[in-house]
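Below you'll find the structure, written out as structure tokens, and then a few comments.
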Amino acid sequence: MRSKRKILDATLGLIAESGFEDVTIAAVARAAGVTRQTVYSIFTTREDMISEAMVGLVVDVLGAIREKADQAETPTEFVVETVVAARDLIRREPVLNSLLRSGNANPLFDPDMMDRAAPVVRQFLDGYIERNPDFDSTKFDGVEAMFARNALSVILFDDPTVHDDDGLRAYLRRWLVPLLALD
């Protein structure tokens, strides 16, 4: 198990340092201080190794986003604070921040990305519904893709009007919240 943890940590370190393109079995083995055979005995492919490393990181980040979003008292504030917290954590987390610089290897531009994002968004929305049983949950029906696209756009395409958290909140309240018709 120690070797596996070293390999996963080395994988994340290489992604943070130079993006996905430079993550190879050989590079990870060198960074982890293990042999390539050790890496292959734990992970069948480079993609399996990267996926497991990213899943662990994403679970931690989603927990941190949920913690911030759970403080919201209204559906509007929940949506706004979820996006603000996500952008903040992506900017501060070196591995996730590398997604913003990854070019063609960026999994955010993978054709199946929205299929993977929708269930994650749904999980956040369902969490709000569970904590607020009086909320009309039909207001969240079918909004996963729109929510994910808006969140990704403000993360990937930074602009002076949304660069700081207050600017992002103002943007979301003006453009996203009315589309969701939450209030």
Side-chain angles (χ1 to χ4, degrees), residues 12 15-16 19-20 47 50-183:
L12 292 174
I15 293 169
F20 291 91
E47 289 72 25
I50 290 173
S51 290
E52 188 166 333
M54 290 300 294
V55 165
L57 175 66
V58 168
V59 165
D60 292 344
V61 168
L62 290 176
I65 293 168
R66 180 176 295 277
E67 187 177 306
K68 289 186 178 204
D70 282 350
Q71 297 171 18
E73 295 183 15
T74 68
T76 296
E77 289 308 305
F78 175 79
V79 167
V80 168
E81 293 307 317
T82 297
V83 175
V84 171
R87 184 181 70 174
D88 179 56
L89 288 166
I90 287 171
R91 283 179 172 173
R92 288 189 293 122
E93 168 51 56
V95 173
L96 296 177
N97 191 275
S98 75
L99 294 175
L100 305 178
R101 312 180 306 270
S102 292
N104 292 337
N106 188 332
L108 292 176
F109 299 117
D110 183 301
D112 298 326
M113 193 285 302
M114 287 306 295
D115 292 336
R116 291 189 309 273
V120 173
V121 171
R122 183 79 251 165
Q123 181 183 17
F124 271 88
L125 299 176
D126 288 345
Y128 182 83
I129 292 167
E130 288 171 19
R131 288 183 310 284
N132 298 280
D134 295 336
F135 174 67
D136 177 7
S137 62
T138 62
K139 291 185 176 192
F140 280 164
D141 287 350
V143 302
E144 296 89 347
M146 179 179 49
F147 187 96
R149 282 186 178 94
N150 266 276
L152 287 171
S153 73
V154 297
I155 291 166
L156 292 172
F157 308 114
D158 200 11
D159 140 332
T161 60
V162 298
H163 188 72
D164 65 22
D165 290 350
D166 289 336
L168 178 56
R169 285 183 182 99
Y171 167 83
L172 293 170
R173 287 184 184 116
R174 177 168 180 165
W175 298 107
L176 179 60
V177 170
L179 291 174
L180 297 174
L182 296 174
D183 295 325

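What you are looking at is a predicted structure, and each value in this text was computed from that prediction instead of being measured.
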So which heavy atom on [X] is nearest to which on [Y], and how close?
{"X": "Ala53", "Y": "Leu12", "answer": "O-CD2, 3.7 Å"}
{"X": "Met54", "Y": "Val95", "answer": "SD-CG1, 3.6 Å"}
{"X": "Glu77", "Y": "Ala72", "answer": "C-CB, 3.5 Å"}
{"X": "Arg131", "Y": "Gly127", "answer": "NH1-O, 2.6 Å"}
{"X": "Leu172", "Y": "Val80", "answer": "CD1-O, 3.8 Å"}

Side-chain donor or acceptor of Asn97 paired with backbone N/O of Arg92 under 3.5 Å: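 Looks like no, no N/O pair under 3.5 Å.
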
Flag, side chain of Asn132 to backbone of Asp134, donor-acceptor distance under 3.5 Å: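 No, because the side chain of Asn132 does not come within donor-acceptor range (under 3.5 Å) of the backbone of Asp134.
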
Inter-residue atom distance [X].[atom1] - [Y].[atom2], 0.5 Å rounding:
{"X": "Asp88", "Y": "Asp164", "atom1": "CG", "atom2": "CG", "answer": "11.5 Å"}
{"X": "Asp126", "Y": "Ser137", "atom1": "CG", "atom2": "OG", "answer": "8.5 Å"}
{"X": "Leu96", "Y": "Leu57", "atom1": "CG", "atom2": "CG", "answer": "4.5 Å"}
{"X": "Leu125", "Y": "Phe78", "atom1": "CG", "atom2": "CZ", "answer": "6.0 Å"}
{"X": "Ile129", "Y": "Thr138", "atom1": "CD1", "atom2": "OG1", "answer": "9.0 Å"}

Qualifying residue, where the test is side chain to side chain contact (heavy atoms under 4.5 Å, CB included) with Leu168 and the options are His163, Arg173, Arg87: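 Considering His163, Arg173, Arg87, a side chain to side chain contact (heavy atoms under 4.5 Å, CB included) with Leu168 is found only for Arg87.
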
Any side-chain heavy-atom pair of Tyr171 and Asn150 under 4.5 Å: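 When only atoms from C-beta onward are counted, Asn150 and Tyr171 do touch, with a gap below 4.5 Å.
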
Phe124 side chain reached by Leu62 side chain, heavy atoms, under 4.5 Å: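 They are in contact (side-chain heavy atoms under 4.5 Å apart), so the answer is yes.
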
Ring geometry between Tyr128 and Phe140 (parallel below 30°, tilted from 30 to 60°, perpendicular above 60°):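 Because their plane-to-plane angle is over 60°, the rings of Phe140 and Tyr128 count as perpendicular.
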
Salt bridge (charged side-chain N to carboxylate O under 4.0 Å, His left out) assessment of Lys68 paired with Glu81: CA-CA 7 Å; Lys68 289 186 178 204; Glu81 293 307 317; over 6 Å; no

Note: Asp166-Arg169 ion pair, threshold 4.0 Å (strictly below):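 A salt bridge is present here (some side-chain N lies under 4.0 Å from a carboxylate O).
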
Glu47 atom CD: more than 12 heavy-atom contacts under 6.0 Å: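 More than 12 within 6.0 Å, yes.
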
